[in-house]
2 protein chains.
Amino acid sequence: MVQSFNPTQPIYLQILQRICRQVVRGELKAGDKLPSVRDMALQAGVNPNTVQRVYTELERLEIAETRRGLGSFITENEARLKQLREDLKSEQISSFIADMEETGFSPEEILEGVRKDLFNNKGGRGV
Amino acid sequence: MVQSFNPTQPIYLQILQRICRQVVRGELKAGDKLPSVRDMALQAGVNPNTVQRVYTELERLEIAETRRGLGSFITENEARLKQLREDLKSEQISSFIADMEETGFSPEEILEGVRKDLFNNKGGRGV
DNA sequence: ACACGTGTATTAGTAACATAGTACACTATA
DNA sequence: TATAGTGTACTATGTTACTAATACACGTGT
């Protein structure tokens with residue numbers, strides 16, 4: 001059961017993103033234990049060192065805490081996890097807006113395009 | 001006058017993006033001549049071969065046409081340029097929406113977040 | 001004490017990117 | 001025809017980020 005990765009983006013970033021999303025969606029909660037680097041590496045079909053990089057990054061971001069010999073755990077700091085959600089939201093939104101505006105789209109066009117995609121085109125988006 | 005580049009993204013992609021945005025914003029029009037690879041390399045502070053890669057990619061995307069000995073020109077095909085605008089718009093929007101939804105945000109939350117960023121927080125966004 | 005599972009550190013290899021350099025082919029102009 | 005400017009192709013080199021392989025250190029349970 002090997003997971004698939006987008007070849008244009010580093011694997012470790014993709015695993016990191018997956019874990020962050022699991023946290024934000026509530027699939028991983030404060031204090032939950034993450035799989036060991038070796039287990040995660042098996043599941044993901046990558047080298048344990050690649051997973052280690054992910055866990056190191058999670059620790060740097062204060063999303064997880066690692067205990068040598070024990071494993072890595074999602075932080076118990078609920079405020080931090082709440083902040084992660086808000087950070088992800090505002091970063092994704094603001095970089096999207098910045099890109100759109102730099103490309104030359106007006107605020108009205110941006111908003112209407114988002115609304116359309118969200119509520120109108122959902123059923124007809126075959127691709 | 002050397003342009004700056006974001007170190008986490010390949011230089012050629014950034015130049016490509018800049019040119020596409022200039023087209024979409026109307027700063028470059030159908031039939032306009034692009035600087036020679038040597039001139040653009042000077043302006044951008046990069047190797048001509050890097051610019052050559054950009055122009056090759058522009059041609060592949062049918063955004064520009066190159067004539068050996070003459071230079072590279074934005075395509076005269078207005079329909080293609082219009083399509084480029086729509087493609088950029090829909091790609092940016094749909095990937096944004098996909099990311100937001102995968103992260104766990106609801107359509108309502110997404111739309112409200114975008115509206116806020118566009119219309120309410122503009123003045124107070126100090127960072 | 002030993003075995004096992006854990007994280008950690010280090011080294012090696014590789015792909016992608018970027019540069020530098022060079023030479024060729026084409027076009028326009030004097 | 002010569003010159004200057006254009007794109008094009010190719011080779012060699014260097015750098016960086018990423019990934020894998022391997023071994024070490026720590027913690028827990030028996």
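The shown structure was predicted, so the numbers you read here are calculated from the model rather than taken from an experiment. Numbered from 1 within each chain, the chains take letters A, B, ... in sequence-line order. Both backbone and side-chain heavy atoms feed into the values below; hydrogens, waters and symmetry mates do not.
Scored by the side-chain contact (heavy atoms from CB on, under 4.5 Å) test, B:E78 finds B:A30 as partners (sequence neighbours excluded). By the salt bridge (Lys or Arg N to Asp or Glu O under 4.0 Å) test, A:R38 pairs with no residue at all, sequence neighbours left out.
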Identify all pairs in which a protein N or O lies below 3.5 Å from an N or O of nucleotides 13-17 of chain C, and state each distance.
none

List, with names and distances, any nitrogen or oxygen atoms from the protein found under 3.5 Å away from nitrogen or oxygen atoms belonging to nucleotides 8-11 of chain C.
from, atom 1, to, atom 2, distance (Å)
C:dT8, OP1, A:T66, OG1, 3.3
C:dA9, N7, A:Q52, OE1, 3.4
C:dA9, N7, A:Q52, NE2, 3.3
C:dA9, N6, A:N49, OD1, 3.3
C:dT10, O4, A:N49, ND2, 2.7

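Distance, B:E57 CD to C:dA18 C1': 16 Å, rounded to whole Å. Atom pair A:M40:CE and C:dG7:C1' shows a separation of 14 Å (rounding to whole Å applied). When rounded to the nearest whole Å, the span between NZ of B:K33 and C1' of D:dG5 equals 9 Å. In this structure, CD of B:E65 is placed 17 Å from C1' of D:dT8, rounded to the nearest angstrom. The distance from atom CG of B:L34 to atom P of D:dT8 is 12 Å, rounded to the nearest whole Å. In this structure, CG of A:L42 is placed 11 Å from P of C:dT6, rounded to the nearest angstrom.
Counting only heavy atoms from C-beta on, B:D39 has its side chain closest to D:dT6 among D:dT6, D:dT28, C:dT6.
The side chain of A:T50 places no N or O atom within less than 4.0 Å of a non-bridging phosphate oxygen (OP1 or OP2) of D:dT19. Checking the phosphate oxygens (OP1, OP2) of D:dT6, a side-chain nitrogen or oxygen of B:S36 falls inside 4.0 Å.
Ion pairing between a basic and an acidic side chain is recognised when a charged N comes within 4.0 Å of a carboxylate O; B:K89 and A:D117 show no such pairing. A salt bridge does not link A:E76 with A:K29: every distance from a Lys NZ or Arg NE/NH1/NH2 to an Asp or Glu carboxylate oxygen is 4.0 Å or more. A:D87 and A:K82 are not joined by a salt bridge, as no carboxylate oxygen comes within less than 4.0 angstrom of a charged side-chain nitrogen.
The main-chain N or O of A:E86 is found under 3.5 Å from a side-chain atom of A:S90 such that the two form a donor-acceptor pair. Side-chain atoms of B:Q14 come within 3.5 Å of backbone atoms of B:N6 as a donor-acceptor pair (strictly under, hydrogens ignored).
Evaluation of the salt bridge (Lys or Arg N to Asp or Glu O under 4.0 Å) test over residues 43-56 of chain A, restricted to residues two or more places apart or in two chains, returns none.
Side chains of B:V51 and B:D39 form no contact here, defined as non-hydrogen atoms less than 4.5 Å apart. Taking the side chain as every heavy atom from C-beta outward, B:R115 and A:V114 never approach each other to under 4.5 Å.
With 3.5 Å as the limit, one finds no donor-acceptor pair spanning the side chains of A:T75 and A:N77.
Comparing the local axis fitted to the first five base pairs of the helix from C:dA1-D:dT30 to C:dA30-D:dT1 with the one fitted to its last five gives a bend of 10°, rounded to 10°.
B:N47 contributes no side-chain N or O that forms a donor-acceptor pair with the base of C:dA18 under 3.5 Å.
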